[in-house]
Amino acid sequence: MLGKMLFAAAALVGASTAASATTVVIDSTANYNSSLPVTLMLGAGTYNITPTAGGFTRFSSVSGCDGLGENCSQGYEFSYIIKFNGNEFKFGDGNANGGIGPISPGNGYFATAAQAFANATGGSFTLTGPTSVDFYFFDDFIGDNSGTMTLDVTAVPEPATWAMMIAGFGLVG
């Protein structure tokens, strides 16, 4: 009886500490500036951002690429901006040029969305309390945009949470 209760308690601790990801899809024709973001309400803690799919282009055509489909003067990229508490944080290959695309030529423009995704980078941020967080990218002309970016936003468990989970597993053992 005691063993079953300890197992149930440990399972509950383990379930409550499991990190679950929230998927954010940023659309190049819908979320192209800070007034049209994808918005999440997140609690206090540190969050990791992991690119999971996509790539977008802000151009009507791809051009100026090298033989590998890289270092293009126009092409696909994987850059995004998050904003909370009035501050913008730029991630991805567009970070080098103020969030409006990579330094031209190259350094982040690719011949295909798949290449842009293969070179995508994630990041992290920390919130001190419940906060509304906006996800978007910047472009001032959307008529030729295409593609999306998909990100997983995952809470990082706090050290005390890890300690409780390990203690729960110890009780099960």
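Numbers for residues simply follow the sequence, beginning at 1.
Atom OG1 of T112 and atom CZ of F117 lie 12.0 Å apart (nearest 0.5 Å).
Using a distance-only test at 3.5 Å, with no hydrogens or angles considered, a donor-acceptor pair links the side chain of S73 to the main chain of S63. No donor-acceptor pair under 3.5 Å is formed between the side chain of N71 and the backbone N or O of C65. No side-chain donor-acceptor contact under 3.5 Å links N85 to the backbone of N87. Remark: the backbone N or O of G54 is not paired with any side-chain donor or acceptor of T148 at under 3.5 angstrom. Although no hydrogens or angles enter the test, the distance criterion places no donor-acceptor pair under 3.5 Å between the side chain of N31 and the main chain of I26.
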Apply side-chain hydrogen bond (donor to acceptor under 3.5 Å, both in side chains) to residues S146 and T57 and explain how you reach the verdict. CA-CA 6 Å; S146 68; T57 183; 5.7 Å; no
Determine, stepwise, if the pair D152 / T154 fulfils side-chain hydrogen bond (donor to acceptor under 3.5 Å, both in side chains). CA-CA 6 Å; D152 277 350; T154 309; 5.6 Å; no
Would you please test V25 and V38 for side chain to side chain contact (heavy atoms under 4.5 Å, CB included) and show each step? CA-CA 8 Å; V25 179; V38 174; over 6 Å; no
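Between V153 and V133, the closest side-chain pair of non-hydrogen atoms is not below 4.5 Å. For the pair S61/Q74, a side-chain contact is recorded, criterion being any heavy-atom separation below 4.5 Å from C-beta on. At least one side-chain heavy atom of F125 sits under 4.5 Å from a side-chain heavy atom of L42. Using a 4.5 Å heavy-atom threshold, the side chains of F78 and N119 count as separate. Between K83 and F89, the closest side-chain pair of non-hydrogen atoms is not below 4.5 Å.
Residues Q115 and L68 share a closest heavy-atom pair of NE2-O, 2.7 Å. Nearest heavy atoms, Y136 versus P37: CD2-CB, 3.9 Å. Between L151 and T52, the shortest heavy-atom contact is N-OG1, 4.1 Å.
The only option from F137, Y76, F138, F110 that meets the ring pair (Phe, Tyr, Trp, His ring centres under 6.0 Å) definition with F56 turns out to be F137.
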